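Presented below is the structure to which this report refers.
Note that the structure is predicted; figures quoted are calculated from it, not measured. Each chain gets a letter, A, B and so on, in the order its sequence line appears, and its residues count up from 1.
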There are 2 protein chains.
Amino acid sequence: MALTSSDSSQRTAPVTDQSNSSPKRPLTLRDVSEASGVSEMTVSRVLRNRGDVSAGTRARVLEAAKELGYVPNKIAGALASQRVNLVAVIIPSLSNMVFPEVMTAISEVLDDTPLQPVVGVTNYKPEREEKVLYEMLSWRPSGVIIAGLEHSDAAKAMMASAGIPVVEIMDTDGDPIDSVVGISHRRAGRMMAETIIKAGYRKIGFLGTKMPLDHRARKRFEGFTQALAKAGLEIVDKEFYAGGSALAKGREMTAAMLARNPGLDFLYFSNDMIGAGGLLYCLEKGIDVPGQIGLAGFNNIELLDGLPKRLATMDACRAEIGRKAAGIIADRAAQGDDGGSGGKRIELSPTINPGDTLRLRPSQGAYPED
Amino acid sequence: MALTSSDSSQRTAPVTDQSNSSPKRPLTLRDVSEASGVSEMTVSRVLRNRGDVSAGTRARVLEAAKELGYVPNKIAGALASQRVNLVAVIIPSLSNMVFPEVMTAISEVLDDTPLQPVVGVTNYKPEREEKVLYEMLSWRPSGVIIAGLEHSDAAKAMMASAGIPVVEIMDTDGDPIDSVVGISHRRAGRMMAETIIKAGYRKIGFLGTKMPLDHRARKRFEGFTQALAKAGLEIVDKEFYAGGSALAKGREMTAAMLARNPGLDFLYFSNDMIGAGGLLYCLEKGIDVPGQIGLAGFNNIELLDGLPKRLATMDACRAEIGRKAAGIIADRAAQGDDGGSGGKRIELSPTINPGDTLRLRPSQGAYPED
DNA sequence: GTGAAAGCGCTAACAC
DNA sequence: GTGTTAGCGCTTTCAC
């Protein structure tokens, strides 16, 4: 791909610096055409590597384009060809660690295609999501990848009628507009609860974010409490935070909760970062983890490798989600498919990583395994 | 801004779902024009809130647009108006924590303008930077914000001749194409060295990334060793890593270095994350920090609040850099300035945050302060 | 293998 | 206040 001569030579420096010679009018195909003595049409063909062009003209055009420092105008190109090789990727946040990872996976897949990702950030606000979506759709992208299944009616309507493939990612608990790739966060919560119960923990506290708009955290919580209920258990205590450093908040909340309920034997954190804060607190206080208290988070953040103990957590399949989602868009785009042909539904299976903060067997043999 | 009626109503759901009624052809102004019985031109004016339109027609147009679920085509708009309200933001990485923060500041400033940021990621590779830049410039953005001062000749030429404002950010040690906003990383390295020396530490180790393309880390290292040399000191040991979890690497490298050189009394880490790994290691080993060994990192990452001790570090003014850079672009865009009018040069002053891992007075009174 | 004409969907500029 | 005309810089299509 990077080896085709036109590809590399197109974006090369202007050998003759035109910036002082002419008044700063952006160069057009016509300029290259005149400089090379070749018609605009043929110049266009050379620059896009389309159709047959003789080696001679080809060389002359490339030479002229390079000399002038010509950069094609994609706006005009897109309007004329009715094709925009952009994929809108709409995510709640960049500072969450989770989303950059999904982005990376998406980029990797799209790198092998003509498509390019464009990111929009919503900050977990539906009205911002709607605005960002509107802005992006107005550039007529080839597809949309958007986090979550919860959107305003207007947003849903826009996506449904855009005539392009839409992939909702991260979460599968709900009705997709078109395609979905993700995990069931309810199931993830349930799985964690079952694992904890099986390990013999009984007095369980929950610590999470206050964000009512973080639907995935909410669903994990629901799944978690539901599975506990099924085993006749109930959360002993819970606490939610908003803002500030997650690590510090995890520490503080853990301190507060353990002060209120010294008898707790497990803390389930809605993300790894606050979990790490809790872990550091427990270790500092000399609490036996996972003997006296077990801990678990969510996300399997690589960032945290290197803590004194590895926090038990759950892999949310972020990279795989990104890859699959990008793959769906890429396939559809390659087929010239406009999104009408029924969406895919891909539910990935998250796995529990017990780390060092979750004992695997019940201490008193209360619940035999299997 | 969000209160102007056109602004909010433009992006509202199609009340009548057109997706089944017509073959999936994207709607055009003409459709709205016909549906409302108003000329395309006037529809355009209403939708953009330009010029005087009577309340009556205005209402009818809005009604029709909403009904149809019309989303304007920015491609056509941009081509016709020769205006693209996009700002290209080109950064090395999203997973670095540093850049999302800069992005956030940029977005905040641009939110008050018609401009919109579009991110491109280079992964610290010059050839990718060149490609990303080329792609973005081909959309004719209103400005470019790009990390660093080191670019390929081709990249520099493209930016110089693009006829738009260019702001290079993060670093001021070098020659900008147009404007710069950042800190001097050489100075940052020197400052840290001077502070460390003043505090009485003498046997200093350095731990950093192996990336030869992380110019800012390199400059900090240079400034650091240079200031040590001035005081007649030399780094006792150094170690570089690549890949993997920074926290874990910091821990491992610290262990290795202290095993080799038990006499070290200070470790300077090129970033907070590996610094945190080192800190955790020292605390675990019962090493007296900052008595026996002092530690410092770089970046003042909020993420790390909550560690057992606050790591000494240096604030890189990330938010301020983002704000100032976006401000420059926004001002120029508002003035219709094409970037010809001489760039600004803004050098911010990083400050040292001693945290709990850097004693402030020399223990033996070797170097009296001021 | 190359060129000429038409037009993508909008908006600037000017008429009315 | 509203409509008309003429492009924006490309690519499509078709002729040669």
Task: Charged N-O contact under 4.0 Å between B:R128 and A:D111 - done: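 A:D111 and B:R128: salt-bridged.
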- [ ] Examine the side chains of A:R58 and A:S54 and answer whether a donor and an acceptor come within less than 3.5 Å of each other.
- [x]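 No pair is found: no donor N or O on one side chain lies under 3.5 Å from an acceptor on the other.
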TODO: State, without any angle test, whether B:S107 and B:T104 hold a side-chain donor-acceptor pair at a distance under 3.5 Å.
DONE: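 No, B:T104 and B:S107 have no side-chain donor paired with an acceptor closer than 3.5 Å.
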TODO: Ignoring hydrogens and angles, tell me if any N or O in the side chain of A:S161 forms a donor-acceptor pair with the backbone of A:A157 under 3.5 Å.
DONE: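 Answer holds: yes.
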TODO: Could you tell me whether A:R83 contacts a base, only the sugar-phosphate backbone, or nothing, with contacts defined as non-hydrogen atoms closer than 4.0 Å?
DONE: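 Sugar-phosphate: the residue A:R83, judged by heavy atoms under 4.0 Å, touches backbone atoms but no base.
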Open item on the list: Classify B:D52 by what it touches in the nucleic acid, base, sugar-phosphate, or nothing, heavy-atom distance under 4.0 Å.
Closed with: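 Base, at least one base heavy atom under 4.0 Å.
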TODO: Let me know, please, whether A:I75 or B:A55 comes out on the 5' side of the other along DNA chain D by nearest nucleotide.
DONE: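 The residue closer to the strand's 5' end, by nearest nucleotide, is B:A55.
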Distance below 4.0 Å between [X] side-chain N/O and [N] OP1 or OP2:
X: B:Y70; N: C:dG9; value: no
X: A:R25; N: D:dC8; value: no
X: B:T57; N: D:dT2; value: yes
X: A:R30; N: D:dG9; value: no
X: B:S54; N: D:dT2; value: yes
X: A:S44; N: D:dT11; value: yes
X: A:Q82; N: D:dC10; value: no

Take atom [atom1] of [X] and atom [atom2] of [N], then tell me their distance rounded to the nearest Å.
X: A:N85; N: D:dT11; atom1: CG; atom2: P; result: 12 Å
X: B:L47; N: C:dC10; atom1: CG; atom2: P; result: 9 Å
X: B:W139; N: D:dG9; atom1: CH2; atom2: C1'; result: 13 Å
X: B:N73; N: C:dC8; atom1: CG; atom2: P; result: 12 Å
X: A:K74; N: C:dC8; atom1: NZ; atom2: C1'; result: 18 Å
X: A:L79; N: D:dC8; atom1: CG; atom2: P; result: 13 Å
X: B:R140; N: C:dT11; atom1: CZ; atom2: C1'; result: 19 Å
X: B:R50; N: C:dA13; atom1: CZ; atom2: P; result: 11 Å

Task: Members of residues 32-42 of chain A that approach DNA chain D, where some heavy atom sits under 4.0 Å away - done: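 Within residues 32-42 of chain A, the residues near DNA chain D are A:M41.
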Any side-chain heavy atom of [X] sitting closer than 4.5 Å to one from [Y]?
X: A:I145; Y: A:I90; answer: no
X: B:V118; Y: B:M136; answer: yes
X: A:I177; Y: A:H151; answer: yes

Open item on the list: Let's test your reading of the model: under 3.5 Å, does the base of D:dG1 pair with the side chain of B:R58 as donor and acceptor?
Closed with: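 Looking at the base of D:dG1, it does not pair with any donor or acceptor on the side chain of B:R58 (distance under 3.5 Å).
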- [ ] Side chain of A:R45 only, please: which of C:dA12, C:dC10, C:dG3 is the nearest?
- [x]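 Closest nucleotide to the A:R45 side chain: C:dG3.
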Task: Option passing side-chain contact (heavy atoms from CB on, under 4.5 Å) with B:V87 (candidates B:I164, B:V109, B:L115) - done: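 Of all the options given, the one that passes is B:L115.
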